[in-house]
**Q** 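Got a structure for you, questions after.
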Protein chains: 2
Amino acid sequence: MSESHARSSQSSRVRELIKGSGLRCTPARQAVLGFLSRTGRPLAHSEIAKARGPAKLDRVTLYRTLAVLEDSGLVHRVQDSDGSWRFCAHVPVKKGCPGNHAHFQCTRCGEMQCLASQALPWIPVPDGALVIGKQFLICGLCPSCAATRAARKK
Amino acid sequence: MSESHARSSQSSRVRELIKGSGLRCTPARQAVLGFLSRTGRPLAHSEIAKARGPAKLDRVTLYRTLAVLEDSGLVHRVQDSDGSWRFCAHVPVKKGCPGNHAHFQCTRCGEMQCLASQALPWIPVPDGALVIGKQFLICGLCPSCAATRAARKK
DNA sequence: GGTTAGATGCAACACAGTTGCATCTAGCCG
DNA sequence: CGGCTAGATGCAACTGTGTTGCATCTAACC
């Protein structure tokens, strides 16, 4: 199976997902969902915008596209350690990021990944309170940045 | 013991804490640390600014004051559900917020509180990664907002 | 092809947070 | 007590994220 075939069959899957959610299948949505599912880790708005390269999407359109994909459950949103949002293609598109696990972000290179091996723990909340969502973010140095730092120290 | 006596003894404690951390004891620092420790829950920059009322502090000064207090360990910083920061007076000043517990934020009234009854769990990170910090935020309706909503539904 | 609800692009805005620089002052020393 | 100075404050201007309003375009339907 050639690369291009793999890519094109994936594109058609992306198209189906979008249509299956009752959304109009526009180039912007295909490109964004396709890119997110190919990458498989939570990406910042700016990373997605940059990655699009020459075929630029309007800033606002990208925000709105991500919001629509999130509303339809095709993508979910996690918080960055600096307060901005990152987006990750949801289960149907790509394994990982089922939405109930912690995320790890490297404070040096800024890259983020899912820690999907363990579900979020249960934490007692005040009596009468109603839990809607949880975010667990772990910050630190990723293996490659930690290795670089250790090597520099020697 | 009168209110004013309690308040003034607390002020002197705040002064001691600031000086004890090797910081210059300025009106801005006393006011901010005093307010945070009196309130006892994580407050947003805007809430602190608003609360200062007529004796306004410059926006930038408040940011810098909070940064200095955080550097000295007198205050710690937690993330809001909308991505902005909240600040909470640290252990020496007030019980609560020792910094290794989850926080609960009401999506309706925006108020945030510490869930100090349980420490943050251990989550496995990738081999070679180095953990520096963790944030666990639970969003939902606080007891009073949940009660209001339930009453409205009836 | 023609129609139209919904998607896109553009301009302008709101807000959090930061930086540079001029001015002021807490804490020290004489 | 009064003067000195590193460090604190205030102001202006800026960056980046995210939002809103409106005019234009187009995917999906007939």
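Each chain gets a letter, A, B and so on, in the order its sequence line appears, and its residues count up from 1. None of these values were measured; they are calculated from a predicted model. Hydrogens, waters and symmetry mates are skipped; everything else that's a heavy atom, side chains included, is used.
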**Q** Between A/Phe136 and B/Phe136, what is the ring plane arrangement, given parallel below 30°, perpendicular above 60°, and tilted in between?
**A** parallel
**Q** Which pairs pass salt bridge (charged side-chain N to carboxylate O under 4.0 Å, His left out) with one or both residues in residues 111-122 of chain A, sequence neighbours excluded?
**A**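 Listed once each, the pairs are A/Arg41-A/Glu111.
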**Q** Return the nearest nucleotide to the side chain of A/Thr61; candidates are D/dG10, D/dA8, C/dT8.
**A**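 Comparing D/dG10, D/dA8, C/dT8 against the side chain of A/Thr61, the answer is C/dT8.
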**Q** Could you go through residues 63-70 of chain B and list every donor-acceptor pair under 3.5 Å that involves a side-chain atom there, pairing it with any protein atom two or more places apart or in another chain?
**A**
unit_1	atom_1	unit_2	atom_2	d
B/Thr65	OG1	B/Thr61	O	2.7
B/Glu70	OE1	B/Arg77	NE	2.9
B/Glu70	OE1	B/Arg77	NH2	2.9
B/Glu70	OE2	B/Arg77	NE	3.3

**Q** Any side-chain heavy atom of A/Arg108 within less than 4.5 Å of one from A/Leu141?
**A**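 Touching, per the 4.5 Å side-chain cut-off.
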**Q** Rounding to an integer number of Å, can you tell me how far B/Tyr63 OH sits from D/dG10 C1'?
**A**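 Nearest whole value for this atom pair: 16 Å.
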**Q** 5'-most contact on DNA chain C: A/Arg29 or B/Arg77, nearest heavy atom basis?
**A** A/Arg29
**Q** Could you state the atom-to-atom distance from CZ of A/Arg86 to P of D/dT17 in whole Å?
**A**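 So the two atoms are 11 Å apart, to the nearest Å.
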**Q** Over how many whole Å does the gap from A/Arg15 atom CZ to D/dA28 atom C1' extend?
**A**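 About 15 Å, once rounded to whole Å.
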**Q** Starting at the 5' end of DNA chain C and moving along, which residue's nearest nucleotide shows up first, A/Ala28 or B/Trp85?
**A** A/Ala28
**Q** Can you tell me how far C1' of D/dT17 sits from CD of B/Gln79, to the nearest Å?
**A** 14 Å
**Q** Consider side-chain contact (heavy atoms from CB on, under 4.5 Å). Of B/Leu120, B/Ile138, B/Leu137, which one does B/Leu115 pass it with?
**A** B/Ile138
**Q** Taking atom types as modelled, find out whether B/Arg86 and B/Gln79 have a side-chain donor-acceptor pair closer than 3.5 angstrom.
**A**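 No donor-acceptor contact under 3.5 Å links the two side chains.
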**Q** Would you mind building the protein contact string for nucleotides 19-30 of chain C? One character per nucleotide, 5' to 3', B for base within reach (heavy atoms under 4.0 Å), S for sugar-phosphate only, - for untouched.
**A** BB----BBS---
**Q** Check the distance between D/dT17's P and A/Asp58's CG and give it to me in whole angstrom.
**A**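 After rounding, the reported distance stands at 15 Å.
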**Q** When rounded to the nearest 0.5 angstrom, what distance separates OG in B/Ser72 from CG in B/Leu23?
**A** 3.5 Å
**Q** Would you kindly give the CG-to-P distance between A/Asp80 and C/dA16, to the nearest whole Å?
**A** 18 Å
**Q** B/Leu66 has an atom CG; how far is it from atom C1' of D/dA8, in whole Å?
**A**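 Result: 14 Å.
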**Q** Calculate the interatomic distance between A/Leu57 atom CG and C/dG9 atom C1'; express it in whole Å.
**A**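 It works out to 10 Å between those atoms.
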**Q** Which part of the nucleic acid, if any, lies within contact of B/Arg59, taking any heavy atom under 4.0 Å across all strands shown: a base, the sugar-phosphate backbone alone, or nothing?
**A**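 B/Arg59: base contact, heavy atoms under 4.0 Å.
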**Q** Once you apply a heavy-atom cut-off of 4.0 Å, does B/Ser84 come out as touching a base, just sugar-phosphate, or nothing?
**A**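 The answer is sugar-phosphate, as B/Ser84 gets under 4.0 Å only of primed atoms, P, OP1 or OP2.
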